[in-house]
Amino acid sequence: MRAALVQAGERLVVSCAERRIAHLLAEACPDAWHPVGNTVPDIEVFVSAERAPMDLTGAEPLTRGAWLRRGDVLLTNAAGSGFDLGVRVEGDRLRVEARWRPPLREHAAAYALRSRFHLLARAALVQYPALWWAGRRGRAPLHAAAVTVGDATCLLAGPGGIGRSTLLLQAVAAGEHACSDNLCVSDGIWAHGLIEPVRVEGGGGRRMAYGRSERSLPGRVDALRPDRLVVLRRSNAAWPVVNPLAPTAAARAVTAGTYMAGELRRYWAFAAALALGTGIGPSHPEVAETAAQLAARLPAYEIVLGAAPSAGLAELLADASAVMS
């Protein structure tokens, strides 16, 4: 496998010598891979067939499982994925070499807990490197997705399990466009999508946790510029309620939802280790600062979804516009 895609706003090229891992990566970014052609990559990931440990001769320890050697940051069992990573910054390009060398526990989990293994492998190989390199350019990860609804473009935020994916899929099924389902990166103006399958009940693809399965996201675009901020919450009320949301409360909801996201739970240590080892980028992504910038610039409201199935996003936004006017 040698293919390219745009991930979190970065041009990512992956070369993989392992058929099983190549299939995993193809499934991780459905309908997004394309031939490399004349693509000038921002990030190059090479998944090696080599099983020997990376050379730690002369390496200095950064922390448990991370070393610095002649400008390379070496991570063993990166993000609990079973892959060792060698990360090097070469000017405006990030190079990552990955070797499948799992400890016994991760090796067993890769077969016994396949959905967990797929999520962690995707994170280590095609998500976390792109998130970190995007951070170097001032884009912070957010647990949110941008989606068009008629003439509007919403940044749709809220904790996992609230119903965001269902609303988003209803919108794209009606002909709208989204840049992602769960995660994006933002500079406070644009939202660049992080590509991954949508996980919903009845998705029809690979079975995942919480009774969900995967499917691709139709109508996906690489980036959108939101013009409003919508925070979702759920209650036991019979009907949805729409309220205006103060900038401080909106920023808090986006920030908290990002730190609560299971997809990012292992990312913070990953990013800190690379920042410390390379001396590049923030040691801590500017999540709160970016959320505050978005909330200060965009009109914000909260949609409290009821216990029963609710109206679609277009109808809910029409209610929100009426509340804000």
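These numbers come from the heavy atoms of this one structure, side chains and all, not from hydrogens, waters or symmetry mates.
A donor-acceptor pair under 3.5 Å is formed between the side chain of Thr278 and the backbone N or O of Ile280. Not a single donor-acceptor pair under 3.5 Å links the side chain of Thr39 to the backbone N or O of Pro41. His177 places a side-chain N or O within 3.5 Å of a backbone atom of Gly219 that can act as its donor or acceptor partner. A distance-only check finds a donor-acceptor pair linking the side chain of Gln7 to the backbone of Val126 [under 3.5 Å]. In this structure a side-chain-to-backbone donor-acceptor pair under 3.5 Å is present from His143 to Gly158. Side-chain atoms of Trp132 do not come within 3.5 Å of backbone N or O of Gln127 as any donor-acceptor pair. Listed for the Glu44 side chain is no donor-acceptor partner under 3.5 Å among the backbone atoms of Val14. The closest donor-acceptor contact from the side chain of Arg101 to the backbone of Asp84 lies at 3.5 Å or more, if one exists at all. A donor-acceptor contact shorter than 3.5 Å links the side chain of Arg297 to the backbone of Gly188. No donor-acceptor distance shorter than 3.5 angstrom exists from the side chain of Thr255 to the backbone of Arg252, with no hydrogens or angles considered.
Follow the hydrophobic side-chain contacts under 4.5 Å out from Val89 and you reach Leu75 in the same cluster. Leu224 and Val254 are assigned to two separate hydrophobic clusters, defined by single-linkage of ILVMFWY side chains at heavy-atom distances under 4.5 Å. In the hydrophobic cluster analysis, where Ile, Leu, Val, Met, Phe, Trp and Tyr join through side-chain heavy atoms closer than 4.5 angstrom, Leu74 is grouped apart from Leu62. Placement of Leu317 and Ile162 within a single hydrophobic cluster is found when ILVMFWY residues are connected by side-chain heavy-atom separations under 4.5 Å, directly or transitively. Both Val45 and Met1 are members of a single hydrophobic cluster when ILVMFWY side chains are connected at heavy-atom separations under 4.5 Å.
In this structure, SG on Cys16 lies 12.0 Å from NE2 on His23, to the nearest 0.5 angstrom. From Ser15, atom OG reaches atom CG of Leu25 across 11.0 Å, with rounding to the nearest 0.5 Å. Atom CG of Leu305 and atom CZ of Arg234 lie 5.0 Å apart (nearest 0.5 Å). Atom CD1 of Ile303 is separated from atom CG of Leu245 by 11.0 Å, given to the nearest 0.5 angstrom. In this structure, Leu85 CG and Phe270 CZ are separated by 6.0 Å, a value rounded to the nearest 0.5 Å. A distance of 11.5 Å separates CE of Met54 from CH2 of Trp67, quoted to the nearest 0.5 Å.
Nearest heavy-atom pair across Ser180 and Ala144 is OG-O, 3.8 Å. Of all non-hydrogen atoms in Ala275 and Ser283, the two that sit nearest each other are CB-CA, 3.8 Å. Between Pro197 and Glu27, the shortest heavy-atom contact is CG-O, 3.5 Å. Nearest heavy-atom pair, Gly150 versus Glu176, reported as atom, atom and distance to 0.1 Å: N-OE2, 2.9 Å. In terms of heavy atoms, Ala79 sits closest to Leu120 at O-CD2, 3.6 Å. Residues Ser81 and Trp100 share a closest heavy-atom pair of O-CZ3, 3.3 Å.
A heavy-atom distance below 4.5 Å is found between the side chains of Leu168 and Leu217. Taking the side chain as every heavy atom from C-beta outward, Asp92 and Glu90 never approach each other to under 4.5 Å. Side-chain contact between Cys184 and Leu155 is present, with heavy atoms from C-beta onward closer than 4.5 Å. Contact check for Pro102 versus Asn77: no side-chain heavy atoms found under the 4.5 Å cut-off. You'll find the side chain of Leu313 reaches within 4.5 Å of the side chain of Leu156, heavy atoms only. A heavy-atom distance below 4.5 Å is found between the side chains of Val230 and Tyr301. Residues Val6 and Ile195 are not in side-chain contact: their nearest non-hydrogen atoms beyond the backbone lie 4.5 Å or more apart. Counting heavy atoms from C-beta outward, Phe83 and Leu125 have side chains that approach closer than 4.5 Å.
If you check the side chains of Ser165 and Asp181, you find a donor sitting under 3.5 Å from an acceptor.
Both the sub-6.0 Å distance and the 45° axial angle are satisfied by Arg136 relative to the ring of Trp133.
Contacts classified as salt bridge (charged side-chain N to carboxylate O under 4.0 Å, His left out) and involving residues 156-172 (residues at least two apart or in different chains) are not found. For residues 33-42, the pairs satisfying salt bridge (charged side-chain N to carboxylate O under 4.0 Å, His left out) are Arg11-Asp42, Asp42-Arg137, with sequence neighbours left out.
For the side-chain contact (heavy atoms from CB on, under 4.5 Å) criterion with Pro141, the lone passing option out of Leu183, Thr290, Leu194, Leu131 is Leu131.
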Note to self: Would Trp190 and Arg139 count as a side-chain contact (heavy atoms from CB on, under 4.5 Å) here? Give the steps.
What the structure shows: CA-CA 9 Å; Trp190 285 88; Arg139 306 185 200 121; over 6 Å; no
Margin query: What verdict does the side-chain contact (heavy atoms from CB on, under 4.5 Å) test give for Leu316 and Leu167, after you've listed the backbone C-alpha separation in whole Å, the side-chain angles of each residue and the deciding distance to 0.1 Å?
Written below: CA-CA 10 Å; Leu316 292 169; Leu167 286 174; 4.2 Å; yes
Note to self: Set out, in order, the CA-CA distance, both residues' side-chain angles and the distance that settles side-chain hydrogen bond (donor to acceptor under 3.5 Å, both in side chains) for Ser48 and Arg99, then state yes or no.
What the structure shows: CA-CA 5 Å; Ser48 172; Arg99 299 183 184 183; 4.8 Å; no
Margin query: For His284 and Tyr267: C-alpha separation, side-chain torsions, deciding distance, then whether ring-ring contact (aromatic ring centres under 6.0 Å, His included) applies.
Written below: CA-CA 10 Å; His284 188 282; Tyr267 175 66; 9.6 Å; no
Notebook entry, point to check: Hey, mind stepping through Arg233 and Glu302 against salt bridge (Lys or Arg N to Asp or Glu O under 4.0 Å) and telling me if it holds?
Noted result: CA-CA 7 Å; Arg233 187 163 63 84; Glu302 178 185 62; 3.0 Å; yes
Margin query: Pair Val87, Leu274 - check side-chain contact (heavy atoms from CB on, under 4.5 Å), show working.
Written below: CA-CA 8 Å; Val87 181; Leu274 292 189; 4.1 Å; yes
Next item on the list: Before giving the answer on side-chain contact (heavy atoms from CB on, under 4.5 Å), spell out for Arg93 and Ile43 the whole-Å C-alpha distance, their side-chain angles and the decisive distance to 0.1 Å.
Entry: CA-CA 6 Å; Arg93 185 174 299 182; Ile43 305 167; over 6 Å; no
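Contact check on Asp72 versus Arg88 returns a salt bridge, with a Lys/Arg side-chain nitrogen under 4.0 Å from an Asp/Glu carboxylate oxygen. Using a cutoff of 4.0 Å between basic side-chain nitrogens and carboxylate oxygens, Arg265 and Glu263 are not scored as salt-bridged. Note on Glu196 versus Arg122: no salt bridge recorded, every NZ/NE/NH1/NH2 to OD/OE distance being 4.0 Å or above.
Aromatic ring pairs are classed by plane angle as parallel below 30°, tilted from 30° to 60° and perpendicular above 60°; the pair Trp268 and Tyr259 is tilted.
Annotation: side-chain hydrogen bond (donor to acceptor under 3.5 Å, both in side chains) contacts of Glu18 (sequence neighbours excluded): Arg51.
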